[in-house]
Engineer: 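Have a look at this one.
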Amino acid sequence: MSDTFTFTIDGVEVAAEPGQTILEAAQNAGIYIPRLCHRDGLEPAGACRVCTVMVDGRPQTACNFPASEGVVVDNETDQLLELRRDIIDMLFVEGNHWCMFCEKSGDCELQALAYRFGIAAPSFPFQFPADRQADLSHPDIWIDRDRCILCGRCVRASRDLDGKHVFDFVDRGPAKRIAVNAEARLRDTDADVTDEALEVCPVGALMKKGTGFDVPVGRRTYDWEPIGSEIEKRQTQE
Amino acid sequence: MDESLEQAVSEICDQYNNDPTRLVDVARAVQARFGHVGSPAMDAIAGNLGIQRVEVESCVSFYSFLSTEPQGEVVIRLCDDVIDEMKGSSRVARAFRKELGIDFGETTPDGKISLEWTPSIGMCDQAPAALVNDVVLTWLSSDAARRIVRELREHMDPQKLVHSFGDGNNSHELVRAMVDNNIRKTGPVVLAPATQGDALHKALSMSPAEVIREVKTARLRGRGGAGFPTGMKWDFTRGSDGDHKYVVCNADEGEPGTFKDRVILTERAELLFEGMVIAGYAVGAETGILYLRGEYAYLRAYLEHVLDDMREKGLLGKGICERQPFDFDIRIQMGAGSYVCGEETALLSSCEGKRGDPKTRPPFPAQKGYLAQPTVVNNVETLCCAARIFEKGSGWFAEIGPHGSPGTKLLSISGDCSKPGVYELPMGVSLADVLELCGARDPKAVQIGGASGRMVGEDDFERTVSYDDLATGGALMVFSHKRDILKPVRKFMEFFVEESCGYCTPCRVGNKLLLQCLERIMAGKGVPEDLEYLERLSENIVTASRCGLGQTSPNPIRTSLKSFRVAYEDMVQEPEGALRPSFDLAAALAEAEEIAGRDSTILNE
Ligand SMILES: Cc1cc2nc3c(=O)[nH]c(=O)nc-3n(C[C@H](O)[C@H](O)[C@H](O)COP(=O)(O)O)c2cc1C
Ligand code: SF4
Ligand code: FES
């Protein structure tokens with residue numbers, strides 16, 4: 001393509017097309033930039049900040065920052081690794097995450113990222129929020145707000161992929177939480193078990209009923225290789 | 001559903017043409033009518049505006065002046081600012097509690113009066129202060145609090161609580177507020193008298209490109225805090241493609257300790273609006289929006305009147321000025337209690353009828369702002385400076401103050417000083433001179449730039465107020481030697497936790513972690529490593545946050561750790577035994593003791 005251009009990530013030259021984000025260009029080149037609130041196919045949000053990189057020395061989120069000719073991007077510096085570890089750590093202590101009992105264990109992106117970053121236990125003090133309401137009202141779907149990391153994927157997927165608006169955030173600051181398009185209960189919305197929104201939750205907050213623990217240990221997404229390996233393999237194949 | 005509610009909501013929505021981008025106005029109106037925006041009201045609003053109910057809830061639940069739960073007919077909001085605290089707000093709070101028989105966050109059993117705390121309402125120079133619905137009450141005491149409650153019980157009319165009016169336009173029949181201007185020093189740029197229409201006529205005799213060049217020649221920079229060159233911002237906006245362009249004046253003034261924009265709005269509204277029209281002419285906009293913080297609702301009727309008057313005089317509306325006819329009109333958008341809405345992109349979200357989440361940048365407002373159209377956002381004072389530049393000339397303006405920071409700066413000064421109020425001083429003035437002018441008492445620390453600014457000590461008093469040294473939106477809080485430095489720091493952190501929009505992780509979670517650590521230290525349970533923990537966490541929050549709130553919220557901690565490290569070091573200690581001082585063994589064992597039905601043997605050893 002005539003208007004492709006290049007820039008560098010940790011000194012490696014990467015090609016990109018106009019309109020691509022740094023994260024997209026990176027993963028096309030087999031470079032994994034960690035992400036949580038972003039998922040391919042959804043509009044990026046820039047909410048979790050796990051994908052923070054330095055662009056010409058300034059912090060930017062790779063998931064929504066446009067790539068441009070000749071910029072110098074730092075991805076795996078000590079500073080950024082520590083920063084990302086802190087953010088993942090924050091998400092763990094903010095909610096109530098009991099990996100050993102969670103249906104999502106082994107398929108959970110938050111857990112997988114923690115392993116990738118070598119976090120065995122959070123270093124920040126647990127907040128143990130006691131006010132997070134679960135919603136079991138729907139026949140096929142349940143919401144466990146204890147595990148929600150406020151990434152907003154379900155909000156965007158329901159709105160942009162399903163053409164509904166089942167979810168949105170209410171309140172603000174530390175009290176911010178996911179809400180449904182009804183007075184209180186998911187069963188009073190038009191949510192359906194076939195919704196794309198159910199496929200995008202990175203953690204075990206938005207789950208289909210009756211499917212927990214179906215996949216045995218050893219065959220779950222992240223049982224053998226760390227999260228991001230699938231992207232890094234692209235580099236070795238080429 | 002209740003038919004009268006449905007009917008009323010439908011009428012309110014009609015007033016705003018059932019336009020979903022006016023959701024904040026609709027919700028404010030529903031709240032004013034019914035005391036809250038409850039579940040049926042949210043359903044009705046959603047139906048009328050053609051949006052989802054959860055979108056309405058998302059917005060309504062964001063703003064602290066909107067409530068989804070029933071509130072009293074009258075809501076007393078006592079200002080919970082560090083300055084108010086220093087001036088005795090806790091005594092006032094006690095009197096309110098006692099007289100009303102309720103605590104903060106509660107409503108009297110008859111459903112008449114609610115009591116709440118609210119962050120800085122822009123009255124630090126006349127603290128303690130409170131809002132009673134839209135009415136501002138200043139210089140409060142415990143006696144005043146008791147009287148207020150008794151009078152309210154008689155007539156339930158907040159306006160009747162105002163027995164004397166403040167100076168200047170505060171006593172205007174459309175304002176009738178007990179607020180004082182406390183203008184201690186006027187300067188040539190903003191607070192000097194102005195002849196209406198002068199600036200505007202001169203600007204309109206030039207071409208838009210010349211107008212922008214004039215602002216650039218004057219080297220005017222933004223007065224709202226970030227200091228971006230105004231001419232450049234106008235130029236970018238002019239150069240961006242869009243069907244419509246907008247000029248938005250940021251009158252959110254939420255930074256604790258700032259109140260100078262309130263005084264400008266009260267005394268120099270004409271000059272401000274002329275500045276907006278000039279900006280509109282320069283960038284090719286037809287519409288201006290004044291984003292007025294909810295706390296300043298008492299000025300709204302007066303400001304509408306000034307706008308009407310300008311329309312009558314041909315200074316606003318269709319065919320402004322005969323020589324260069326162009327159309328430009330201004331509407332007022334009320335805020336609803338949110339500090340982050342002062343951040344320019346959050347402000348635009350709020351103007352669009354959404355929760356005040358900041359927007360992703362790029363694109364910048366000059367490219368895609370209000371309704372995705374090119375938009376100029378400027379502070380109140382900036383627009384006044386711009387207008388004055390046309391009245392007096394860019395050369396005249398550029399000669400005031402140092403080269404990199406031309407013009408004057410309005411300072412909002414409060415705290416331990418004998419003359420709190422607003423000062424218009426040339427840029428480049430030293431902190432020492434300012435402290436002398438305001439009658440600072442035995443100053444130990446100055447918080448400059450509000451909560452998100454920095455805390456400086458005596459070593460920095462020779463520094464100057466300017467873009468190249470102590471850049472500031474203009475808030476200056478003075479703390480004397482008898483004050484505990486950590487108390488304001490804690491207050492500021494509480495403020496940021498409360499005001500974070502919650503969109504991004506570092507700000508939403510990190511500020512709370514900072515506050516918790518600070519509280520631990522202040523309770524005497526901190527260890528020396530906690531200081532490094534604060535520094536590291538602060539740095540990561542600053543680096544990773546999405547908007548200016550999180551990028552500056554750790555400043556009180558970072559700067560006080562630098563200027564007053566001893567205050568922290570005095571509070572922390574090496575743990576004596578194997579346990580950290582912050583670990584409360586008794587509390588950790590309490591639940592187990594209760595289950596076991598006996599006292600712990602470990603604890604009692
Ligand atoms: C959290 C936050 C709050 C802000 N509050 C205000 C405010 O109340 N008033 C204001 O003029 N600018 C405020 N700003 C700065 C605005 O984002 C913006 O820079 C300013 O309005 C631009 O105007 P200026 O260039 O004329 O200064 C705030 C910024 C942040 C990050
Ligand atoms: S820093 Fe993040 S959470 Fe804080 S106010 Fe800005 S966008 Fe919201
Ligand atoms: S993945 Fe980029 S901010 Fe979350």
Side-chain angles (χ1 to χ4, degrees), chain A residues 36-37 43-52 54 58-61 63-66 79-80 82-95 123-125 127 149-152 155 158-159 164-184 189, chain B residues 38-40 42-43 46 51-64 68 338 340 355-363 496-513 515-517 520 533 536-537 539-547 549-551 582:
Chain A
L36 257 180
C37 68
E43 188 196 325
C48 71
R49 318 304 283 176
V50 166
C51 70
T52 301
M54 291 291 172
R58 304 182 102 221
Q60 303 288 359
T61 38
C63 69
N64 60 4
F65 198 78
Q79 184 204 1
L80 288 171
E82 182 202 274
L83 182 132
R84 292 170 186 165
R85 208 174 287 132
D86 268 8
I87 293 172
I88 295 163
D89 209 324
M90 283 180 199
L91 289 169
F92 265 106
V93 300
E94 184 188 27
S123 67
F124 293 129
Q127 303 296 306
I149 57 169
L150 308 180
C151 67
V155 178
S158 177
R159 188 191 60 202
K164 302 179 178 181
H165 200 130
V166 175
F167 305 99
D168 213 329
F169 291 115
V170 296
D171 225 315
R172 71 182 190 203
K176 183 178 173 180
R177 64 193 180 280
I178 196 79
V180 298
N181 192 23
E183 183 164 3
T189 69
Chain B
S39 191
M42 289 196 274
D43 282 326
I51 55 179
Q52 303 297 327
R53 177 211 149 95
V54 74
E55 291 179 88
V56 179
E57 188 178 353
S58 180
C59 175
V60 170
S61 62
F62 184 88
Y63 296 96
S64 55
T68 53
S338 158
V340 73
R355 50 190 282 127
D357 287 340
K359 293 172 187 273
T360 299
R361 267 161 303 197
F496 290 127
V497 169
E498 182 69 26
E499 296 297 329
S500 160
C501 83
Y503 193 105
C504 73
T505 317
C507 172
R508 183 183 72 237
V509 187
N511 283 317
K512 204 168 155 205
L513 297 174
L515 174 63
Q516 286 170 350
C517 180
R520 211 156 61 223
Y533 170 85
R536 190 193 83 174
L537 187 53
E539 187 174 333
N540 284 340
I541 295 170
V542 168
T543 307
S545 286
R546 181 165 181 259
C547 87
L549 195 154
Q551 288 158 10
S582 60

Engineer: Please tell me if the side chains of B:E539 and A:L83 come closer than 4.5 Å, counting only heavy atoms from C-beta onward.
Structural biologist: no
Engineer: Against chain B, label A:A175 side chain, backbone, both or neither, depending on which of its atoms sit under 4.5 Å from a heavy atom there.
Structural biologist: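 For A:A175, neither part sits under 4.5 Å from chain B.
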Engineer: Are any of the side-chain nitrogens in B:D357 or A:R172 under 4.0 Å away from the carboxylate oxygens of its partner?
Structural biologist: no
Engineer: Look at A:V93, A:L80, A:L91, A:V166 and state which one has the largest set of heavy-atom pairs under 4.5 Å with chain B.
Structural biologist: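 Among A:V93, A:L80, A:L91, A:V166, the one with the most close pairs to chain B is A:L91.
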Engineer: May I ask you to name which of B:G356, B:S64, B:C507 has the most heavy-atom pairs under 4.5 Å with chain A?
Structural biologist: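 Between B:G356, B:S64, B:C507, the count favours B:S64.
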Engineer: State, yes or no, whether a side-chain contact exists between A:D86 and B:R536 at a heavy-atom distance under 4.5 Å.
Structural biologist: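 Yes, their side chains come closer than 4.5 Å.
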Engineer: What part of A:I149 lies closer than 4.5 angstrom to a heavy atom of chain B: side chain, backbone, both or neither?
Structural biologist: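 Contact with chain B is through the backbone of A:I149 alone.
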Engineer: Please give me the minimum heavy-atom distance between B:S61 and A:D171, naming the atom from each residue.
Structural biologist: OG-N, 2.7 Å
Engineer: Can you check whether B:L537 reaches A:M90 side chain to side chain, under 4.5 Å on heavy atoms?
Structural biologist: yes
Engineer: Chain A: which of B:K512, B:M42, B:R355, B:E498 shares the most heavy-atom pairs with it under 4.5 Å?
Structural biologist: B:R355
Engineer: Below 4.5 Å from any heavy atom of chain B, which atoms of A:Q127 appear? Answer side chain, backbone, both or neither.
Structural biologist: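 Just its side chain gets close to chain B.
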Engineer: For A:P66, which atoms come within 4.5 Å of any heavy atom of chain B: side chain, backbone, both, or neither?
Structural biologist: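 Interface part for A:P66: side chain.
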Engineer: How long is the gap from CD on A:E82 to OG1 on B:T543, to the nearest 0.5 Å?
Structural biologist: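 Between A:E82 CD and B:T543 OG1, I get 9.5 Å after rounding to 0.5 Å.
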Engineer: Let me confirm one number: the CD1-OG distance from A:I87 to B:S545, rounded to the nearest 0.5 Å.
Structural biologist: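 One gets 8.5 Å once the value is rounded to the nearest 0.5 Å.
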Engineer: Less than 4.5 Å apart, any side-chain heavy atom of A:E183 and any of B:E57?
Structural biologist: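 They are not in contact (no side-chain heavy atoms under 4.5 Å apart), so the answer is no.
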Engineer: How close do A:P125 and B:Q516 get, heavy atom to heavy atom, and via which atoms?
Structural biologist: CG-OE1, 4.1 Å
Engineer: Looking only at heavy atoms, what is the nearest atom pair of A:F169 and B:S58, with distance?
Structural biologist: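 Scanning both residues, the minimum pair turns out to be O-OG, 2.6 Å.
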Engineer: If I take atom OH from residue B:Y503 and atom SG from residue A:C37, how far apart are they, to the nearest 0.5 angstrom?
Structural biologist: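 Between atom OH of B:Y503 and atom SG of A:C37 there are 7.0 Å.
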Engineer: Provide the closest heavy-atom pair for B:G502 versus A:K176 in the form atom of the first, atom of the second, distance.
Structural biologist: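 Closest approach of B:G502 to A:K176, heavy atoms only: O-CD, 3.2 Å.
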Engineer: Compare all side-chain heavy atoms of B:V54 with those of A:V180 and state whether any distance is below 4.5 angstrom.
Structural biologist: no
Engineer: Checking heavy atoms, do the side chain of A:V50, its backbone, both or neither come under 4.5 Å from chain B?
Structural biologist: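 For A:V50, neither part sits under 4.5 Å from chain B.
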Engineer: At their closest point, which heavy atom of A:R49 faces which heavy atom of B:P506, and how far apart are they?
Structural biologist: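 In terms of heavy atoms, the two residues are closest at CG-CD, 3.4 Å.
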Engineer: Is the shortest side-chain N to carboxylate O distance from A:E94 to B:R508 below 4.0 Å?
Structural biologist: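 A salt bridge is present here (some side-chain N lies under 4.0 Å from a carboxylate O).
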Engineer: In terms of heavy-atom pairs under 4.5 Å with chain A, which of B:Y63, B:F496, B:F62 leads?
Structural biologist: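 Top count of heavy-atom pairs under 4.5 Å with chain A: B:F62.
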Engineer: Would you check if B:E55 and A:N181 make a side-chain contact, meaning some heavy-atom pair closer than 4.5 Å?
Structural biologist: no
Engineer: Do you know which of A:A179, A:A184, A:A45 has the most heavy-atom pairs with chain B at a distance under 4.5 angstrom?
Structural biologist: A:A45
Engineer: Select one option (side chain, backbone, both, neither) describing which atoms of A:D168 are under 4.5 Å from chain B's heavy atoms.
Structural biologist: both
Engineer: How close do A:P174 and B:V497 get, counting heavy atoms only, and between which atoms?
Structural biologist: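 Result for this residue pair: CD-O, 3.2 Å.
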Engineer: Once you round to the nearest 0.5 Å, how far does OG1 of B:T505 lie from CG of A:L36?
Structural biologist: 8.0 Å
Engineer: Are the side chains of B:V509 and A:F124 in contact, using a 4.5 Å heavy-atom criterion?
Structural biologist: no
